[in-house]
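Working notes for the structure below.
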Amino acid sequence: MVESVAEPPFPDGLGADDTPGPHPLLEPVLGFLGVWRGRGRGGYPTLDGDFAYAQEVRFSHDGRPFLRYEARAWLLDGDGAPLRPAARESGWWRLQPDGRVEALVTQPTGITEILVGHAGEGAVDLSTHSVALTPTAKDVTATRRRYTLADGDGDTFTFVHDLAAVGQPLQHHLSATLRRAVGQSTPPTSSWNSSVQ
């Protein structure tokens, strides 16, 4: 007979005040804890044109010196209505002394990135250390990701993603502005659709 378990006994925290408390090494990234939603634009020379998208990003912790990272996006039409699912990824930000970050990001398209960088002063800047590809994945050779909290706001961050893939050099691919939906600050008072800008 198999015994069931109703809930994981150690839930993830979406804020610095959640139990368990965050590990001291997470200090440089505490402002990113929570659920964020927003809109952005993207493009790349190998695509037919630029595109608009909406995105949700989630950063949580379980008291150890890493953040759990999840992101999902969906394409939008010219009126801002959802068209179809787009990028999806998950991973971990491993914090080291002095704000160094080692990040692992995995995508269902067969791409796994290992990035290294630094966190401090409300920003995280990550660049490719290595990329692993499944046999059928697109050829991605490098990326750079920058996450920046808005000055004095704490409830908005910008995301910029540069990409080198399919024979193209490292260049702009995505940018978005996301607003906090759940986490450190006061929870939203309206539905998530109205908080996506």
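- In Asp48, the CG atom is not crowded: 12 or fewer heavy atoms of neighbouring residues, nucleotides or ligands sit closer than 6.0 Å.
- Looking only at atom types and distance, the side chain of Glu70 has no donor-acceptor partner in the side chain of Ser90 under 3.5 Å away.
- Heavy-atom neighbours of Arg100 CZ from other residues, nucleotides or ligands within 6.0 Å: above the threshold of 12.
- With Pro22 as reference, Leu30 is the one residue of Leu67, Asp62, Leu30, Leu95 to meet the side-chain contact (heavy atoms from CB on, under 4.5 Å) rule.
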Working note: Thr156 + Leu149, criterion side-chain contact (heavy atoms from CB on, under 4.5 Å); need CA distance, chi angles, decisive distance, verdict. CA-CA 6 Å; Thr156 305; Leu149 290 168; over 6 Å; no
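- Proximity of a side-chain donor or acceptor of Thr141 to a complementary backbone N or O of Ala164 within less than 3.5 Å is detected.
- Among pairs with a residue in residues 19-34, none fulfils side chain to side chain donor-acceptor pair (under 3.5 Å), at least two apart in sequence or across chains.
- Less than 6.0 angstrom separates the ring centroid of Tyr147 from the ring centroid of Trp93.
- Checked options Val131, Asp139, Thr134; the residue passing with Ile111 is Val131 (criterion: side-chain contact (heavy atoms from CB on, under 4.5 Å)).
- Within a 6.0 Å sphere centred on NE2 of His172, heavy atoms belonging to other residues, nucleotides or ligands number more than 12.
- Separating the CZ atom in Arg88 from the OG1 atom in Thr106 is a distance of 13.5 Å, to the nearest 0.5 Å.
- Checking side-chain atoms of Arg180 against main-chain N and O of Leu33 turns up a donor-acceptor pair under 3.5 Å.
- Side-chain contact, Thr158 with Thr177: no donor N or O sits under 3.5 Å from an acceptor N or O.
- Listed here is the closest heavy atom pair of Ala52 and Arg41: CB-NH1, 3.4 Å.
- Considering OG of Ser175 and CG of Asp162, their distance stands at 9.5 Å, rounded to 0.5 Å.
- A heavy-atom distance below 4.5 Å is not found between the side chains of Phe159 and Trp36.
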Kindly determine whether Asp155 and Arg179 satisfy side-chain contact (heavy atoms from CB on, under 4.5 Å), including the steps that lead there. CA-CA 6 Å; Asp155 285 330; Arg179 297 194 189 286; 5.9 Å; no
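- Tracing side-chain contacts under 4.5 Å through hydrophobic residues (I, L, V, M, F, W, Y), one never reaches Ile114 starting from Tyr69; they form parts of separate clusters.
- Closest approach of Ala119 and Pro28 over heavy atoms only: O-CB, 3.7 Å.
- Hydrophobic clustering keeps Val160 apart from Phe157 (ILVMFWY residues linked when any side-chain heavy atoms are closer than 4.5 Å, directly or through intermediates).
- Put simply, CZ on Arg64 and CG on Leu26 are 11.5 Å apart, with the number rounded to the nearest 0.5 Å.
- Comment: Arg39 does not engage Glu56 in a salt bridge, judged by the lack of any side-chain N to carboxylate O separation of less than 4.0 angstrom.
- Gln168 places no side-chain N or O within 3.5 Å of a backbone atom of Val166 that could act as its donor or acceptor partner.
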Intermediate values then yes/no, side-chain contact (heavy atoms from CB on, under 4.5 Å), Val29 and Val124: CA-CA 8 Å; Val29 295; Val124 176; 3.8 Å; yes
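- Applying the side-chain hydrogen bond (donor to acceptor under 3.5 Å, both in side chains) criterion to Arg94, with sequence neighbours excluded, gives Glu102.
- One N or O on the side chain of Asp77 and one on the backbone of Asp79 form a donor-acceptor pair closer than 3.5 Å.
- Here the straight-line distance linking atom OG1 of Thr143 with atom CD of Glu113 works out to 3.5 Å at 0.5 Å rounding.
- The two residues Leu174 and Gly42 have their closest heavy-atom pair at CD2-CA, 3.9 Å.
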Working for side-chain contact (heavy atoms from CB on, under 4.5 Å), residues Leu83 and Leu76: CA-CA 5 Å; Leu83 284 172; Leu76 302 173; 5.9 Å; no
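- In this structure, Leu14 and Val35 have side chains that are in contact, with non-hydrogen atoms separated by less than 4.5 Å.
- Proximity of Leu126 to Val116: side-chain heavy atoms (C-beta onward) are nowhere separated by under 4.5 Å.
- Heavy atoms only, all atoms of each residue included: Leu133 and Val140 are closest at CD1-N, 3.9 Å.
- The distance from the OG1 atom of Thr148 to the CD atom of Glu121 is 11.0 Å, given to the nearest 0.5 Å.
- Taking each heavy atom of Gln55 and Ala176 in turn, the nearest pair found is OE1-CB, 4.1 Å.
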Could you walk me through whether Asp125 and Arg144 pass the salt bridge (charged side-chain N to carboxylate O under 4.0 Å, His left out) check? CA-CA 7 Å; Asp125 193 339; Arg144 181 177 180 202; 2.4 Å; yes
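- Looking only at atom types and distance, the side chain of Arg68 has no donor-acceptor partner in the side chain of Ser60 under 3.5 Å away.
- In terms of heavy-atom proximity, Leu25 sits nearest to Pro65 at CD1-CB, 4.0 Å.
- Centroid-to-centroid, the aromatic rings of Tyr53 and Trp74 stay 6.0 Å apart or farther.
- Between the CZ atom of Arg145 and the CG atom of Leu115 there is a distance of 6.0 Å, given to the nearest 0.5 Å.
- Cluster membership check: Leu104 does not share its hydrophobic cluster with Phe59, using side-chain heavy-atom separations under 4.5 Å among Ile, Leu, Val, Met, Phe, Trp and Tyr.
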